Asks: 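Handing you a structure now.
Remember, predicted model here, so these are calculated numbers, not experimental data. One-based numbering along the sequence shown.
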Amino acid sequence: MRHVPFALLLPLILSGCATMGGDDPTAGLDHPEVRSRTVSGGDTIDEYYVAGQLRVVRITPARGPVYYLVDNNADGILDSSKGEGPISPVQYKLLSW
């Protein structure tokens with residue numbers, strides 16, 4: 001049996017990781033109103049409102065990946081899960097093309 005060098009498998013592994021989940025949660029919003037602000041330290045916060053309710057918060061840190069806080073059930077409160085901290089899910093978009 002032939003062995004495939006790790007260097008050839010690495011791009012396949014990374015492309016598989018890049019396609020797992022992590023889609024932009026703002027893409028499915030119907031005509032959102034976006035309110036943007038920059039806070040001290042250079043972080044940018046974009047709040048997406050639909051029909052006056054906060055649905056998604058997009059945080060773009062000065063350093064590091066963009067992440068999202070999502071209201072999954074449209075109650076105006078950012079959802080959290082037991083044992084995951086005060087606000088979740090936090091979704092990181094690591095790679096895109």
Side-chain angles (χ1 to χ4, degrees):
M1 175 181 249
R2 286 185 118 168
H3 293 282
V4 179
F6 182 72
L8 294 177
L9 290 177
L10 187 61
L12 291 175
I13 294 168
L14 290 177
S15 67
C17 291
T19 58
M20 294 175 58
D23 290 340
D24 184 358
T26 62
L29 297 178
D30 188 30
H31 305 295
E33 174 190 345
V34 182
R35 299 178 192 168
S36 298
R37 60 191 161 106
T38 302
V39 295
S40 63
D43 296 353
T44 303
I45 299 173
D46 300 317
E47 297 173 335
Y48 293 80
Y49 291 85
V50 175
Q53 286 189 323
L54 179 64
R55 297 297 304 273
V56 177
V57 177
R58 177 180 189 231
I59 296 119
T60 307
R63 295 187 180 108
V66 173
Y67 62 96
Y68 300 89
L69 304 173
V70 182
D71 175 16
N72 291 320
N73 55 2
D75 64 356
I77 300 171
L78 299 173
D79 296 319
S80 63
S81 298
K82 205 177 237 185
E84 289 190 50
I87 299 176
S88 75
V90 176
Q91 301 175 359
Y92 291 94
K93 185 172 186 176
L94 299 177
L95 301 170
S96 64
W97 58 84

Asks: By the salt bridge (Lys or Arg N to Asp or Glu O under 4.0 Å) test, which pairs, at least two apart or in different chains, include something from residues 48-58?
Replies: D46-R58
Asks: Holding to side-chain contact (heavy atoms from CB on, under 4.5 Å), I want the full list of residues that pass it with N73, two or more places apart in sequence or in another chain.
Replies: D71, D75, D79
Asks: Of the non-hydrogen atoms in V66 and P61, which two are nearest, and what is the gap between them?
Replies: CA-CD, 4.2 Å
Asks: Identify, with sequence neighbours excluded, every residue that meets side-chain contact (heavy atoms from CB on, under 4.5 Å) alongside R63.
Replies: none
Asks: What distance separates Y48 OH from T26 OG1, expressed to the nearest 0.5 Å?
Replies: 4.5 Å
Asks: Taking only residues at least two apart or on different chains, which pairs with a member in residues 34-45 satisfy salt bridge (Lys or Arg N to Asp or Glu O under 4.0 Å)?
Replies: E33-R35, R37-E47
Asks: Testing the basics here: between L29 and P32, what is the closest heavy-atom pair and its distance to 0.1 Å?
Replies: O-CD, 3.9 Å
Asks: Could you report the tightest heavy-atom contact between G41 and A62, atom names first, then the distance?
Replies: O-CB, 3.3 Å
